Every structure is written in C-alpha cells, then in structure tokens.
Amino acid sequence: TVLPPPPPPSPPREFRENFEDTPSGQRPRWARVSGEKGGASVRVVADQAQAGSRSLRIVDAPEAQPAWEPHFYYQPDLSQGTVRQSFAVRIGQDARLRIEWRDASPYPGCIGPSVLFLGNGNIEAGGRFLANVPVETWLEVTITATLGGEGTGTFDLTVAGPGRRQFSFPNLPWSGDNFRALHWLGFISEATVATTSHVDELSLERLPE
C-alpha cells in the first residue's frame, strides 16, 4: 500500500514567499491548492517573474467548476495586531482574481478584506469600482488591516502600477460581521473562461505596535 504524501506544512504565521526555492512545475510550498482540473492549474513557473526568475502561475479554464476554482490559500492563524499582506500580481486578459482574508467562522460572515482584480483592468472591493490599471503587467499590492478587538471593520489598500503610479484606498469596509482573525488567506480565480495570471513576492507580516 502506497501512502499518500503528507499535506504541506502550514506557513509560519508571518512569511515571505518569492517561489525561487520551488522547482518549476510544482505547487507552492505552504499553500493548499484546490481545483486543478479541466486544464486549470496553480504551479510555479520560470518564464515570468516580478523579481528573480520564478512566479506562481494561476491558469483557469471553463471546465474548472465551480467558478471559484482553482484557488490556493494559506492558513496564517493570526488573531491580534495590525497585519500587512504584500504581493505582486500580473492580471491576465479576462481574469477574475480575488484576494480574500477569512476568519474560521461560517461563510460569508467570516469575510474580511476582499479585493477583486478583473481582466479589463478594473479593481473592485465590496462591489465598488476603485480604479483601472494596466493588465498583463506587474502591479505591487498591499492590504493592511487590524485584527482582534481593535479591528475597525475596514482595511487599507494600495496598488502601484507602471511608471510609479500609485492608488491608495483607506478605510474600505469588509463585509463579514464575524471577521476578527486571519485564519485563511486565499487567491481565488473566479473566471469562467481560459485565463492566466501570475503572483510573486508574497509576504505577510505583523506591523510593530
């Protein structure tokens, strides 16, 4: 009897991931991947990167159902303090890539910060249009929120595009009434057509008080 491989280890509560130490064609270390079917995949590649030589490629396909497949997520289990997520993202044509924080409480009350990047360049949060940015080019994104009893029900978003153009959106509301802790940090490809996007230079850190 061949035993299945053990699940990937949980990441440190604070972590940095540039995918440089993961062989091309492999899944991201520390993350759990779902929905690699019908041509969809979440794999490290060496043909595209914001820095270094590797990034994580998210390929969606019409056969990848439900619409929230594929996706990958980390389990930081952070419950206190002000936390900042930083990453670089390259949005493909026709993409719908959502970055979302969740608590361990029932869905959808668990939803904290949630940002949607669309393949026409639009960025949305809470169903609200925020900005239009170039696609097929690297963007630098930060999401910052305070967890626990000090949380305000809002988060801050910054997006820096080509030419040093930067957008800042403070105090965006999150939708989940029960969000207090960051137990689930996910990147969700919601497209229902063939799309390809990339993620690189991912980090999660607690800011000094």
Side-chain angles (χ1 to χ4, degrees), residues 34-35 40 42 56 58-62 64-74 76 78 82-148 150-162 165-199 202 204:
S34 176
V42 178
L56 188 66
I58 303 119
V59 177
D60 209 334
Q65 296 294 330
W68 40 261
E69 298 285 27
H71 69 275
F72 69 97
Y73 62 96
Y74 297 89
L78 292 170
T82 299
V83 175
R84 179 170 61 201
Q85 175 193 8
S86 301
F87 59 95
V89 64
R90 191 175 191 271
I91 300 299
Q93 295 287 344
D94 300 319
R96 290 181 62 90
L97 186 65
R98 184 181 301 276
I99 291 82
E100 192 161 276
W101 299 15
R102 296 180 188 174
D103 204 331
S105 56
Y107 185 88
C110 62
I111 298 174
S114 183
V115 182
L116 178 63
F117 292 85
L118 298 171
N120 62 3
N122 287 356
I123 303 173
E124 297 180 1
R128 168 190 161 198
F129 168 81
L130 299 179
N132 184 268
V133 296
V135 298
E136 303 285 359
T137 189
W138 286 102
L139 307 171
E140 296 178 358
V141 182
T142 63
I143 298 171
T144 307
T146 300
L147 307 176
E150 302 300 317
T152 61
T154 65
F155 66 100
D156 297 339
L157 170 70
T158 65
V159 180
R165 187 180 187 190
Q166 180 165 310
F167 299 92
S168 296
F169 305 98
N171 302 317
L172 295 170
W174 66 59
S175 63
D177 294 337
N178 299 323
F179 179 78
R180 299 290 184 276
L182 178 53
H183 294 299
W184 190 98
L185 172 59
F187 288 72
I188 311 157
S189 181
E190 299 180 352
T192 56
V193 298
T195 69
T196 301
S197 296
H198 296 79
V199 173
L202 173 61
L204 186 71

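Keep in mind the model is a prediction, meaning the values are calculated, not measured.
- Proximity of I143 to W101: side-chain heavy atoms (C-beta onward) are separated by under 4.5 Å at one or more points.
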Note to self: One pair to check against side-chain contact (heavy atoms from CB on, under 4.5 Å): L182 and Q85. What are the steps and the verdict?
What the structure shows: CA-CA 11 Å; L182 178 53; Q85 175 193 8; over 6 Å; no
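- Scanning all heavy atoms of the two residues, the minimum distance from E69 to S34 falls at OE2-OG, 2.8 Å.
- Within the 4.5 Å cutoff, the side chain of T158 has no heavy atoms near those of the V141 side chain.
- Below 30°, between 30° and 60°, or above 60°: for F72 and Y74 the angle between ring planes is above 60°, a perpendicular geometry.
- The main-chain N or O of G92 is found under 3.5 Å from a side-chain atom of S197 such that the two form a donor-acceptor pair.
- Under the 4.5 Å side-chain criterion, counting only non-hydrogen atoms from C-beta, L130 is not in contact with F167.
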Margin query: The test is side chain to side chain donor-acceptor pair (under 3.5 Å); show your working for T142 and S86 and say whether it passes.
Written below: CA-CA 4 Å; T142 63; S86 301; 5.5 Å; no
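- Across all non-hydrogen atoms, the minimal contact from T195 to S189 is OG1-OG, 4.3 Å.
- Nearest heavy-atom pair across L147 and L78 is CD1-O, 3.4 Å.
- Taking 4.5 Å as the limit, every side-chain heavy atom of V135 sits out of range of all side-chain heavy atoms of F117.
- The two residues H183 and P76 have their closest heavy-atom pair at O-CD, 3.8 Å.
- By the 4.5 Å heavy-atom criterion applied to side chains, P162 and P134 are counted as neighbours.
- A pairwise comparison of heavy atoms in A145 and P113 identifies CB-CG, 4.0 Å as the closest pair.
- In this structure, the separation between CG on L97 and OG1 on T196 is 11.5 Å, given to the nearest 0.5 Å.
- The salt bridge (Lys or Arg N to Asp or Glu O under 4.0 Å) check on R96 picks up E190, with sequence neighbours excluded.
- Two residues are said to be in side-chain contact when any heavy atoms from C-beta on lie closer than 4.5 Å; V133 and I91 fail this criterion.
- Atom CD of E136 is surrounded by more than 12 heavy atoms from other residues, nucleotides or ligands within 6.0 Å.
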Side chains of residues 104-111: which donor-acceptor pairs under 3.5 Å do they make with residues two or more places apart or in other chains?
none

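- Contact annotation: the side chain of V115 never approaches that of V159 to less than 4.5 Å [non-hydrogen atoms, C-beta and beyond].
- F87 and L202 make their closest contact through CB-CD1, 3.8 Å (heavy atoms, listed as atom of the first residue, atom of the second, distance).
- Among residue pairs with one or both ends in residues 118-128, those qualifying as side chain to side chain donor-acceptor pair (under 3.5 Å) are N122-N132; sequence neighbours excluded.
- Ring geometry for W184 versus Y73: interplanar angle under 30°, hence parallel rather than tilted (30 to 60°).
- Atom CZ of R98 and atom CG of L118 lie 8.5 Å apart (nearest 0.5 Å).
- By the 4.5 Å heavy-atom criterion applied to side chains, I58 and P70 are counted as neighbours.
- Atom-to-atom distance recorded for I123:CD1 and L116:CG is 9.5 Å, nearest 0.5 angstrom.
- Checked by atom type and distance alone, the side chain of N171 never pairs as donor or acceptor with a backbone atom of T154 at under 3.5 Å.
- In this structure, CD1 in I188 is found 12.0 Å from CG in D60, a value given to the nearest 0.5 Å.
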